[in-house]
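In each ligand, atom 1 is the first atom listed, and ligand 1 is the first ligand listed.
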Amino acid sequence: MSSGHLTIDLSALASNWRTLSAISTCEAGAVVKADGYGLGAAQVAAALAKAGARRFFVAAAEEGVAVRKALGPGPMIGVFSGHMTGDTDLIRDNMLTPMLNSVDQMLRHVEALPGHSFGVQLDSGMNRLGMEAAEWAALRDIALGQKPVLIMSHLACADEPDHEMNARQLRTFREMTDGLNVPRSLSATGGILLGQDYHFDLTRPGVGLYGGRPFAEALPVVTLDLPVIQVREVHPGESAGYGNSWTATRPSRIATVAAGYADGIHRAISNRINLFHGDQPCPMAGRVSMDLITVDVTDVAGDPEFLTLIGPHQGVDAVADIGGTIGYEVLTSLGRRYSRSYK
Ligand SMILES: *Cc1c(COP(=O)(O)O)cnc(C)c1O
């Protein structure tokens, strides 16, 4: 084995969905954008459908193809970026449901695919995607006449429960949608945890399904094992890796591991993180290179065959914290060179 190996626990994923679904006072959907947060959209979507999810979301129409193939006809696949120029064939052929973000998208959709299912995305203050209040007020009656299947918006600060932005966006969303008699959705993982006022008719969990914060009770879904190519003895005073950023202070054994920043192992974690051999932490020794990492395995008895970067001792958020990023980025950076197994 020359590449790293990702183990993806689909039963933990399904369990996370069931928990978030139970917390939701309404139907829970599932966000599988960015190839299922890097874990394989087809496998992830199939497992979530088996657990009971019926409404899925992707970022772009292209991503909907693999998800539709995995799910077959039936479940809704919403597209957050809406109906862009050039999307019409994909939307029709894969029975996708674009979340329309503007008057232009609305016109494009009803002209190109009259009668085809759609939702509306409103901007309740994040200033990222969706129609603003004035645009919505002008278009609302026409849009409602076309029978949207969902009206949605997205929270900017839901991972900070005390942030005043949450209540402000809730108020704005209500002002834009109260009394319209169309199913509504406001909350992703963070919003689900803010409480039932934020749930409406459908929640849209993403990162919590994959084991990430802010869903603290999430079961871990990902294990990343990296094979050791060779182990060498290093004398005190000798260095390892580019820039000589690590120097041995004792007679040491350095393992060279087959993965690097080209595999999504952020260079920012250089010299600052442990890999694990069973329960034994092994400090990284030197900078992450493109395809290789050097690790101090002096305290391991014998030569390890592989070392674990993401696993029971260190989840995606722990790795993210050390690298100065978020679990979402660690997940979606996971390399294409890894072999994968699903259990
Ligand atoms: C990514 C995304 C989600 C899921 O968010 P998580 O924080 O991963 O749960 C839901 N809705 C929209 C619009 C998104 O972009």
Carboxylate-amine/guanidinium contact Arg174 Asp197, below 4.0 Å: no
Looking only at atom types and distance, does a side-chain atom of [X] sit under 3.5 Å from a main-chain N or O of [Y], one as donor and one as acceptor?
X: Asn16; Y: Leu209; answer: yes
X: His83; Y: Met106; answer: no
X: Thr294; Y: Thr256; answer: no
X: Tyr338; Y: Asp263; answer: yes

Out of all atoms in ligand 1, which are within 4.0 Å of some heavy atom of [X]? Include the element for each.
X: Arg128; result: 15 (O)
X: Met152; result: 13 (C)
X: Ala188; result: 3 (C), 4 (C), 5 (O), 6 (P), 7 (O), 9 (O), 10 (C)
X: Tyr37; result: 1 (C), 4 (C), 5 (O), 6 (P), 8 (O)
X: Thr189; result: 6 (P), 9 (O)
X: Tyr328; result: 6 (P), 7 (O), 8 (O)
X: Lys33; result: 1 (C), 2 (C), 3 (C), 14 (C), 15 (O)

Options Val207, Asp159, Val31, ranked by nearest heavy atom to atom 6 (P) of ligand 1, top entry: Val207
Gly190 to ligand 1, any heavy atom closer than 4.0 Å: no
Side-chain donor-acceptor pairs under 3.5 Å in residues 53-72, sequence neighbours left out?
| from | atom 1 | to | atom 2 | distance (Å) |
| --- | --- | --- | --- | --- |
| Arg54 | NH1 | Ala49 | O | 3.3 |
| Arg55 | NE | Glu27 | OE1 | 3.4 |
| Arg55 | NE | Glu27 | OE2 | 3.3 |
| Arg55 | NH2 | Glu27 | OE1 | 3.2 |
| Glu63 | OE1 | Ala59 | N | 2.8 |
| Glu63 | OE1 | Ala60 | N | 3.4 |
| Glu63 | OE2 | Ala34 | N | 2.9 |
| Arg68 | NE | Asn94 | O | 2.8 |
| Arg68 | NH1 | Gly72 | O | 3.0 |
| Arg68 | NH1 | Pro75 | O | 2.9 |
| Arg68 | NH2 | Pro75 | O | 3.0 |
| Arg68 | NH2 | Met95 | O | 2.7 |

His109 and His116 aromatic ring geometry - parallel, tilted or perpendicular at 30°/60° bounds: perpendicular
Where Pro251 and Pro236 come nearest, the two heavy atoms and their spacing: N-CG, 3.7 Å
Protein contact to atom 11 (N) of ligand 1 [nearest heavy atom, distance to 0.1 Å]: Arg204 NE, 3.0 Å
Nitrogen or oxygen atoms of Phe80 and ligand 1 under 3.5 Å apart: no
Distance-only N or O hit between ligand 1 and Gly206, under 3.5 Å: yes
